[in-house]
Visitor: 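Got a structure for you, written out below as structure tokens; questions coming shortly.
Hydrogens, waters and symmetry mates are skipped; everything else that's a heavy atom, side chains included, is used. Below, chains carry the letters A, B, ... as their sequence lines are ordered, and counting in each starts from 1.
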Amino acid sequence: MIGNANRVPLTWYMLTHRKSRLLLAMMGIAFAVLLMFMQLGFLTGLFDSQTLGIRLFDADLLMVNRTKHNLTLEEFFLEKRIIQARDVPGVARTTGVSMDSTLWRHPQTGRQDVIRVIGIDPDHPPFLLDEVVAQSSLLHEPMTILFDRGSRSFFGTPVAGNEAELGARRVRVLGTFNLGADFKMDGNVLASQSTYRALFPLSAPDQISVGLIRLKSGESPAKVQQAIRDALPSDIDVFTIDEYDQIERRFWSKMTPTGFIFTLGLIVGFAIGVMICYQILYNEINDHLPQFATLKAIGFSNGYLVGVVLKEAILLAVLGLVPALFASQAFYSIMTQLTGLHMELTLMRIVLVSVLTVVMCVISGLIAVGRVMKADPAEVF
Amino acid sequence: MLKIAWQNVTHKKWRALASLGGVAFSILLMFMQFGIFSAAENSADIVYRAIDFDLVLTSPQYVFMVNAGTLSRDVAERVKDVPGIESAKPLFASFTLIRSLEDKLRRGILVLGIDPDDPPMLDPAIQQQASLLQRPDTVLMDSEARGEFGPREVGSTVDIGSGHADIVGSYKLGTGFIAGADALVSDLTYCRLLPGRQVDRPNLIFLRVKPGQEIDRVAHRLSVALGPDVRVWTRPQITAAEVNYFVNIKPIGIMFRAGAVVGFIVGAVTLYQILSTQVSSHIKELATMKAMGYSDSAVYLLVVTEGFIYALVGFVPAYVGGLLLYKILRDAAKVPVWMTFDRAALVLTLTLVMCAASSILAARRVRTADPAELFA
């Protein structure tokens, strides 16, 4: 009926009519979005940090104690299992990794904190990290370590050549790498198996934590996995990297209250967003009721008016998202610095939160729009 | 004045309800985030609170209760020679795995080893049942464990650590963020279920000081007698260390603190948002009041009263919602969070302050503006 109505950017005019109110509205939505980003960041930061080490293993299959249900639990198995696995057809090479924790003394402050020690074969670097690959062989020298720069700041910042105290023994730092802290452990060092034995004299010498298995090229992981399970005693189990990643994620999401809390936080963030957005739109509509009624009186349909409100809602979502993105980026880097956990603003997460934000604004728009539909031109004036 | 404020609030019923919903939700958000943060603090010393002690001995390697290091063999003996000690009770603490009787999966559990003749815990249920643990390979289970640990009825046998144990009783503790479940065993069973542990090398020794003895003096005497291989803690010291570990060092504490701060900011922004729109929606009436001769302070008093009405009326459903939310967190996630008077008072105070401040900020236009201008 009125074809050129869309040429007037009505939505924009209505929103920007009062600048200070728009600013307030933007801020309200931005904070709700920040709240969602925060909770999502915590939730995914938890998962990512726990599985990063697994993802970086230079392996196709992982061998663990049959009872091990997450990497941070100290469960060991006999080293000879990883040697036995070499005889299974399809296996190219295997290596064992030991993990245990002990106290590290901050070189300057003298403060002691628990750090994870990863015992490796210096000829078989366990992680697909350039610095680890390049420096592993240095660890042949007894009582030397590589220090994880991603460790929490209270461990200090040792550099190559520094002496340090680890498990009440003197060790020499030969270099650094970057892996990062996780929920359970605040930092890592790499050492050779023989240094590891010297640091943990009480642990059984023939036990390891994880076996890394590389397959000959072209072999199917699932087939070799089954072959190893069949060939070896059942005190160990073998998983593909993806399977073990899933086991670890399931553990952290289901077995600890943390997953529940952050999911709840995400939902509450969304609800708060709907609330704020509704407030804003309700007031917008209320204040512009005469204008809406006029539009109606001159023949615009209800559908058109609903469209205006929804457009307003989406515009608000976008306006709130932009500052929230910057704030979240800053928040993530502060949290990463404070906790040593990996919190990344990936594209997927931005898309997810953006969709949630638009949905949130549209829902509140739909609730608020009832008022416009009922606007009786005669009554308003 | 109160009457006008009340009429201003209730003048447009739907709008008032929508605003009140927003206010209530902001308060609820604060309850949630503050509560979760307090649960991390609360979890920290949950086991220590269940134990009767004045002083505790650990190795100097102590990090937190379940990573306490091991005391050397003769400590328990040497303590007996120090005057002023009434009792010394060892505790063993470690994480191990237990297999659920339901889904057969193994999950991490906190196992505490005690002397079955002389348990350090205050709980009468533990005191009464501890002697049942004299029989090897028996266990008391915490009935407050998370649901996925499955049924743990007395009489059934569980696969725990590197052996099996019969469940002979239960107690109520709940270990919050430390562990999903916990169990009590005798020191001997502890060493059978966890290879490598030695019964004469406990992780902690809890001491009671004889009545009339000054705790700090006894602590000093112990440090001198036991030397640098043993760390002596008073109850406040170890509690503070434990809370510090969970709140300031573990990422979870840092995250929950950040959550509490952001929760507060979002709450504050939402409240400001709501109240400022409320005030500006009847800015004309306020200007009229001023034109009629009311002073600035009278106008401010009116808007602040309105702010207080929103705060107080919004607080009631938020408080009820908070109680409900805490119950869900306790039941579904075993998060140790309860409504405390302190937290309720803190949240109410913050809400009142924010509501008043928001109202004043929104009304300052009245003070500077010429009444006539506001009708333009």
Visitor: What's the spacing between A:M343 CE and B:M255 CE if we round to 0.5 Å?
Guide: 6.0 Å

Visitor: Can you tell me if A:E344 has over 12 outside heavy atoms packed within less than 6.0 Å of its CD?
Guide: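 No.
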
Visitor: Check whether A:L338 gets within reach of chain B through its side chain, its backbone, both or neither, counting any heavy atom under 4.5 Å.
Guide: both

Visitor: Most heavy-atom pairs under 4.5 angstrom with chain A, which of B:G259, B:P251, B:A333, B:A39?
Guide: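 With the most close heavy-atom pairs to chain A, the winner is B:P251.
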
Visitor: With a 4.5 angstrom heavy-atom cut-off, is it the side chain or the backbone of B:L325 that approaches chain A, or both, or neither?
Guide: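 Side chain only.
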
Visitor: Relative to chain B, which segment of A:M38 carries a heavy atom at a distance below 4.5 Å: side chain, backbone, both, or neither?
Guide: side chain

Visitor: Would you mind telling me which of A:V114, A:I276, A:I261 has the largest number of heavy-atom pairs within less than 4.5 Å of chain B?
Guide: A:I261

Visitor: Nearest 0.5 Å, please: how far is CZ in B:R146 from CZ in A:F260?
Guide: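 Between A:F260 CZ and B:R146 CZ, I get 9.0 Å after rounding to 0.5 Å.
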
Visitor: Does any non-hydrogen side-chain atom of B:I265 lie less than 4.5 Å from one of A:L34?
Guide: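 The answer is no, as the side chains (C-beta and beyond) never meet within the 4.5 Å cut-off.
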
Visitor: Could you walk me through whether B:I328 and A:L264 pass the side chain to side chain contact (heavy atoms under 4.5 Å, CB included) test, one step at a time?
Guide: CA-CA 10 Å; B:I328 293 171; A:L264 187 71; 5.7 Å; no

Visitor: For B:I36, is it the side chain, the backbone, both, or neither that has a heavy atom closer than 4.5 Å to a heavy atom of chain A?
Guide: side chain

Visitor: Take a 6.0 Å sphere around CD of A:Q337 and say whether it holds more than 12 heavy atoms from other residues, nucleotides or ligands.
Guide: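 12 or below, so no.
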
Visitor: Quick one: CE on A:M275 to CG on B:L28, what's the gap to the nearest 0.5 Å?
Guide: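 Answer for the CE-CG pair, A:M275 versus B:L28, is 10.0 Å.
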
Visitor: Taking A:I272, A:V268, A:T339, A:L35 one by one, which has the highest count of heavy-atom pairs under 4.5 Å against chain B?
Guide: A:I272

Visitor: Measure the spacing between CG of A:L24 and OG of B:S358 and express it to the nearest 0.5 Å.
Guide: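 OG of B:S358 is found 9.5 Å from CG of A:L24.
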
Visitor: Report which part of B:N248 has an atom under 4.5 Å of a heavy atom belonging to chain A: side chain, backbone, both, or neither.
Guide: backbone

Visitor: Quick one: OG1 on A:T258 to CD1 on B:I252, what's the gap to the nearest 0.5 Å?
Guide: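 Result: 4.0 Å between the selected atoms.
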
Visitor: Between CZ of B:R257 and CE of A:M335, what distance do you get to the nearest 0.5 Å?
Guide: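 If we round to the nearest 0.5 Å, B:R257:CZ and A:M335:CE are 10.5 Å apart.
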
Visitor: Do B:V262 and A:F331 pass the side chain to side chain contact (heavy atoms under 4.5 Å, CB included) test, and can you show the C-alpha distance, the side-chain angles, and the key distance before you say yes or no?
Guide: CA-CA 10 Å; B:V262 173; A:F331 182 80; 3.9 Å; yes

Visitor: Check whether A:A30 gets within reach of chain B through its side chain, its backbone, both or neither, counting any heavy atom under 4.5 Å.
Guide: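 Neither part, no heavy atoms under 4.5 Å.
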
